Structures are given as C-alpha cells and as structure tokens.
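All remarks here apply to the structure that follows.
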Amino acid sequence: MALVTTEQMFKKAYEGGYAIGAFNINNMEIIQAITEAASEKKSPVILQVSAGARKYAKHEYLMALVQAAIKDTDIDLALHLDHGDSFELCKACIDGGFTSVMIDGSKYSFEENIELTKKVVEYAHANGVVVEGELGKLAGIEDDVNVSADDAMFTNPGEVEEFVSRTGVDSLAIAIGTSHGAYKFKPGVKPQLRFDILEEVGKRLPGFPIVLHGASSVIPELVKEINETGGKMPDAIGIPEDMLRQAAGMAVCKINIDSDIRLAMTAGIRRVLSAQPDVFDPRTYLSEGRKEVKKMVIHKIESVLGSENKL
Ligand code: G3H
Ligand code: 13P
Ligand code: ZN
C-alpha cells in the first residue's frame with residue numbers, strides 16, 4: 001500500500017455521509033496506535049503533523065515511521081501538514097513527501113489569506129499534493145496563533161465560494177464554534193455549534209469537503225482517570241459526540257483530533273506509574289499509553305466518524 005492524497009477518501013466520505021479522522025502524530029507509539037486501529041477497523045485515516053510535532057520528532061523520523069506503518073498495517077495513509085503557517089513550511093512538507101498540506105491563513109485579511117493560499121495551492125498541485133485552507137478563526141491555540149474565545153470569528157458563508165474558486169483549495173476548514181485544546185466550554189455551559197453556518201456552507205459548495213478542527217470530545221473517563229492518578233486537570237468539556245456525528249452526516253469530511261490522543265496517552269501512562277511506582281522501563285508505561293490511544297481511535301471510528309469498513 002502507499003501514501004495517498006485525501007481526494008478519494010473525501011469523495012467517498014461526502015457521498016457516504018461519514019467523516020475521516022485526522023489524528024495528530026508525535027511519536028512511534030501514537031503512529032502505531034492510530035494505524036493499527038484503522039487497519040483493524042478497515043477505516044481510512046489521515047495522519048497529521050503540526051509544525052511543533054515536526055520540530056519535536058524531526059521530518060525524516062516521521063516519514064520513516066509512517067512508511068513503516070504502511071508496511072506493517074497494509075493500509076493506504078494520507079500524511080498531512082496541520083496548520084502550516086507559511087509557504088516555506090508547506091513547500092518543505094510537499095518536497096519532503098507529505099501528500100496533503102494545510103495553509104492556515106485565517107489570521108490574515110481575506111485578500112491576504114487568498115494570496116497566500118493560492119501560492120501554496122499552485123506549488124502543491126504542481127507536485128500532486130492537495131491543500132486545505134481555513135476561513136474563520138477558532139478559539140484556543142493554533143500553534144503560534146492564540147485566539148481568545150471572545151475573538152473567535154465564525155466563518156462567513158458569504159465568502160466561501162469566492163475563497164474556494166480564487167484559491168483552488170481542495171478542502172476548507174471552517175469555524176462553527178469548536179476550539180483547540182482540552183478546555184472548549186466552561187463547566188455549566190451547554191456546548192453549541194453553528195450548524196446553520198455549516199448547512200449554508202454546504203449549500204454554497206455542493207460536494208466540497210469541509211474540515212472541522214478542534215473536534216476532540218475531551219472524553220470524561222480519561223480526564224477522570226488522569227485526576228484519580230494524581231493529575232490536576234480542571235473540569236474540561238469538549239465537543240459532544242452526537243454533534244460530531246451530525247457534522248459528519250453533513251458536508252464535514254475530515255474531523256481533527258489531537259487533545260483526545262494526548263488524554264488517552266497520559267491516562268494510560270499514569271495508570272501504570274501510579275499502580276507500580278517502582279516501574280522505570282519506558283516500554284512498560286508507553287505500551288499502556290499506546291493501548292489507550294488505540295482504544296480511543298477505535299471508539300472514534302465506530303461511534304463518531306462512521307468510517308468503519310470504508311477502505
Ligand atoms: O491544532 C493544533 C494541534 O493540536 C497541534 O498542537 O502545535 O501543540 O502540536 P501542537
Ligand atoms: P483538538 O484540540 O480538539 O483535538 O483539535 C485538534 C486540531 O484541530 C488539530 O488541528
Ligand atoms: Zn486545528
């Protein structure tokens with residue numbers, strides 16, 4: 001099998017009313033957990049790398065690990081740059097073997113965003129790589145872009161057709177009330193998403209794949225386990241799973257999940273270290289973290305994304 005773009009994955013997902021999980025990778029255990037889960041569930045999957053992850057693990061290590069995962073699991077994988085913030089970073093990932101890049105120009109004006117995105121699209125398409133753009137700002141932390149909840153700006157559906165036609169992007173991330181990180185809604189606040197915006201965007205761009213960032217559910221059992229094993233996470237509320245299923249049945253074809261991976265890994269590692277304080281072999285606790293991430297990805301595929309048996 002091979003590294004592939006997201007083109008066919010998104011086409012099938014749009015038509016089938018489900019979504020593809022895009023999970024952030026940072027190390028070998030996370031890559032193994034995600035790809036083993038996808039392979040067992042016969043689910044398409046996207047592995048995505050942030051600028052921070054690329055710096056942490058290094059480009060060549062990530063490429064080699066992803067190639068190893070393709071051999072080991074015998075499934076196709078899409079390898080995507082998450083929140084690329086410059087043409088140079090996107091170019092480095094395109095030249096270095098990624099099959100998809102995101103250029104996140106959401107912090108710029110509409111015209112500047114179009115100009116930057118178009119430049120990336122031209123280079124990517126000339127090299128057989130697909131591009132995700134973003135219109136609207138999410139609350140929370142996007143690498144170096146820190147947008148407070150008050151500044152969160154929903155996508156204006158009136159702008160999407162012009163953005164897509166002038167840039168030539170292959171998919172579009174929109175802001176409908178999700179946010180990055182583990183603290184999306186304050187305790188006591190009822191999570192709400194702007195499904196009216198998603199619906200309007202879907203009408204204006206028929207058949208076009210939409211991306212949902214900041215889509216972790218902040219699984220309560222994982223937060224509970226972290227806190228029961230000495231962690232100190234404040235109450236955290238994520239995106240309810242029924243809302244993600246609803247979005248997957250609409251124009252959303254890609255659902256981004258990072259925080260839930262972090263929680264699963266941390267809960268698994270803490271479980272071992274708190275039950276067996278004498279353990280100092282990293283394999284003992286990293287394997288439990290890996291097991292917990294795999295379980296979480298299987299849960300997402302089965303109960304949230306609807307992508308099981310869609311290879
Ligand atoms: O959207 C951002 C992702 O969760 C990546 O986070 O930049 O800390 O790797 P990171
Ligand atoms: P979460 O923080 O909700 O997992 O979002 C991840 C994301 O959007 C990566 O681009
Ligand atoms: Zn994101």
Side-chain angles (χ1 to χ4, degrees), residues 6 19-27 30-31 33-34 45-59 61-62 78-86 89-90 93 98 100-107 131-147 149 152-153 155 171-185 191 193 209-220 222-223 233-234 236-241 243-244 247-248 252-267 292-293 296-297 299-300 304-305:
T6 50
I20 316 287
F23 298 95
N24 286 72
I25 58 170
N26 287 283
N27 64 13
I30 293 174
I31 293 171
I34 298 164
V45 74
I46 298 166
L47 301 180
Q48 60 185 10
V49 177
S50 69
R54 192 167 167 270
K55 197 168 163 202
Y56 171 78
K58 295 189 184 171
H59 189 101
Y61 284 84
L62 289 171
L79 183 58
H80 173 78
L81 168 66
D82 191 27
H83 294 287
D85 63 352
S86 67
L89 175 58
C90 291
C93 290
F98 282 38
S100 173
V101 294
M102 173 187 193
I103 177 68
D104 181 356
S106 60
K107 65 181 172 191
V131 180
E132 174 185 323
E134 179 167 329
L135 255 189
K137 288 194 184 77
L138 269 72
I141 295 168
E142 295 191 350
D143 274 353
D144 65 329
V145 197
N146 192 345
V147 189
M153 266 176 28
T155 302
S171 61
L172 182 68
I174 63 169
I176 59 167
T178 61
S179 59
H180 290 105
Y183 309 104
K184 299 183 191 300
F185 300 100
L193 296 185
I210 298 302
V211 179
L212 208 55
H213 282 249
S216 280
S217 293
V218 192
I219 299 172
L222 295 174
V223 177
M233 283 190 65
I237 301 173
I239 311 297
E241 293 188 342
M243 291 191 186
L244 296 171
V252 170
C253 293
K254 174 173 179 270
I255 291 189
N256 283 13
I257 296 164
D258 187 7
S259 296
D260 281 341
I261 290 185
R262 297 178 183 201
L263 293 173
M265 193 83 197
T266 303
E292 205 55 55
V293 173
M296 190 276 296
V297 173
H299 168 73
K300 298 281 178 188
V304 179
L305 302 160

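Just so you know, these numbers come straight off a predicted model, no measurement behind them. As the structure lists them, so they are numbered: ligands from 1, and atoms in each ligand from 1.
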Of all the atoms in ligand 2, which lie at a distance below 4.0 Å from a heavy atom belonging to [X]?
X: His213; answer: 8 (O), 10 (O)
X: Lys184; answer: 1 (P), 2 (O), 3 (O)
X: His180; answer: 2 (O), 5 (O), 6 (C), 7 (C), 8 (O), 10 (O)
X: Gly181; answer: 2 (O)
X: Asn24; answer: 9 (C)
X: Gln48; answer: 9 (C), 10 (O)
X: Ile257; answer: 4 (O)

**Complete:** Looking at His213, the N, O or S atom sitting nearest the Zn ion (ligand 3) is ND1
**Asked** Taking only heavy atoms of Asp258, which atoms of ligand 1 are found under 4.0 Å from at least one of them?
**Response** 3 (C), 4 (O), 5 (C), 6 (O)
**Message:** Once you restrict to heavy atoms under 4.0 Å, what part of Asn24 touches ligand 1? Side chain, backbone, both or neither.
**Reply:** side chain
**Request:** Tell me which part of His213 gets within contact of ligand 1: side chain, backbone, both or neither, using heavy atoms under 4.0 Å.
**Result:** neither
**Request:** Output yes when the distance from some N or O of ligand 1 to some N or O of Arg262 is under 3.5 Å, and no in every other case.
**Result:**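 N/O-N/O distance below 3.5 Å exists for this pair.
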